[in-house]
Amino acid sequence: MKEKFSRIYRKLFEFYGKQYWWPGEGLEIVVGAVLVQQTNWKNVEKALEKLRVVNCLSIDCLKNISVKELEQLIRSTGYYNIKAKRLQNLMRLLAIKPHPSRNELLEVNGVGPETADSILLYRFNEPVFVVDAYTFRIFRRLGIYEGESYADLQRLFMGNLQNKSQMFNEYHALIVRHAKNICLKTKPKCIECPLKDDCKY
DNA sequence: GTCCCGCTAC
DNA sequence: GTAGCTGGAC
């Protein structure tokens, strides 16, 4: 099984190359992790740019800005009324605990396992693997994991990979890239798939 | 299972 | 016109 996880990573990396993921830094990564929920990254970039223009990409500003104002700034990401509250919930935690634990992140209303792990890996460089809907789709089609448990699938990755945060970072990014380019939700492009020899789909 | 709801590629 | 998008709460 360890060989399998490494082989798939190797093939994806050879096919797509390095992804240069989450090029932003610091708070942008945290804000992006919330804003990107159930939307695409382009919409998030628009919102981040707006926040940057009004000089509100700081814990202090995001925490104190009015909800209505924040909603308008992040409108492009969809679900803006919910996300404005979620962002402020998270900023209130970060104001008290600049480097929160996973459990502390999960206690925030609006932060689930994927968002918490994204923050830990991409903001704080902690060796946790980020599982998402794409991971379930691809590894189900590969015949590796049929279940629906976030924790179980995450354990599979973390138990079968030797390298830590740097590889987890790149592996997750490659999975996203692959799901968007080849392993599509409907009509996947199996003919040109770099993983077709490993896939039962 | 349902609701939250903007954007764009197709 | 609408499927799909780097989820989470209820």
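Lettering of chains follows the sequences in order, A, B, ..., and the numbering in each one begins at 1.
The P atoms of B:dC10 and C:dT6 are separated by 13 Å, rounded to the nearest whole Å. Taking the C1' atom of each, C:dC5 and B:dC5 are spaced 12 Å apart, rounded to whole Å. Nucleotides B:dT2 and C:dA3, compared at atom P, are 16 Å apart to the nearest Å.
Within the 4.5 Å cutoff, the side chain of A:Val176 has no heavy atoms near those of the A:Thr135 side chain. Contact check for A:Val31 versus A:Leu35: side-chain heavy atoms found under the 4.5 Å cut-off. Using a 4.5 Å heavy-atom cutoff, the side chains of A:Asn55 and A:Cys61 are not in contact. Between A:Pro188 and A:Ile182, every side-chain heavy-atom pair lies at or beyond the 4.5 Å cut-off.
Atom-to-atom, CZ of A:Phe136 to C1' of C:dT6 comes out at 14 Å; the value is rounded to the nearest Å. The CD1-P distance, from A:Ile82 to C:dG8, rounds to 13 Å in whole Å. What separates NZ of A:Lys185 from C1' of C:dC5 is a distance of 9 Å, to the nearest Å. Across the protein-nucleic acid pair, A:Lys83 atom NZ and C:dA9 atom P stand 13 Å apart, rounded to whole Å. The nearest whole Å value for the distance from the CD atom in A:Glu107 to the C1' atom in C:dG8 is 16 Å. Atoms CG (A:Asn40) and C1' (C:dA3) sit 12 Å apart, rounded to a whole Å. Whole-Å rounding puts the A:Glu45 CD to C:dC5 P distance at 18 Å. Taking atom CH2 on A:Trp41 and atom C1' on C:dG7, their separation rounds to 14 Å, with Å as the unit.
If you check the side chains of A:Asn89 and A:Arg92, you find a donor sitting under 3.5 Å from an acceptor.
Nucleic acid contact for A:Gln38: base, since at least one base atom lies under 4.0 Å from a heavy atom of the residue. Nucleic acid contact for A:Arg137: sugar-phosphate only, since backbone atoms but no base atoms lie under 4.0 Å from a heavy atom of the residue. In this structure, A:Val131 reaches neither bases nor backbone, as no heavy-atom distance under 4.0 Å exists between it and the strands shown. Using a 4.0 Å heavy-atom criterion, one finds that A:Lys42 contacts the sugar-phosphate atoms exclusively. Within 4.0 Å (heavy atoms only), A:Ser76 reaches sugar-phosphate atoms of the nucleic acid but no base atom. Within 4.0 Å of A:Val130, counting heavy atoms only, lies no atom of the nucleic acid at all. Within 4.0 Å of A:Thr186, counting heavy atoms only, lie sugar-phosphate atoms of the nucleic acid but no base atom.
Ring planes of A:Phe157 and A:Phe129: parallel class, angle under 30° (limits at 30 and 60°).
If you walk DNA chain B from 5' to 3' and mark each nucleotide with an atom closer than 4.0 Å to a heavy atom of chain A, the marks span B:dC4 to B:dA9.
Here C:dG8 is the nucleotide among C:dC5, C:dG8, C:dT6 with the atom lying nearest to any side-chain atom of A:Gln37. Of the listed nucleotides (C:dT6, C:dG8, C:dC10), C:dG8 has the atom at the smallest distance from the side chain of A:Pro113.
Comparing A:Gly110 and A:Asp132 by the nucleotide of DNA chain C whose heavy atom lies nearest to each, the residue mapping closer to the 5' end is A:Asp132.
For A:Glu28 and A:Arg52, the salt-bridge test passes: some basic side-chain N is under 4.0 Å from an acidic carboxylate O.
With A:Glu104 contributing its side chain and A:His99 its backbone, the two residues share no donor-acceptor pair below 3.5 Å.
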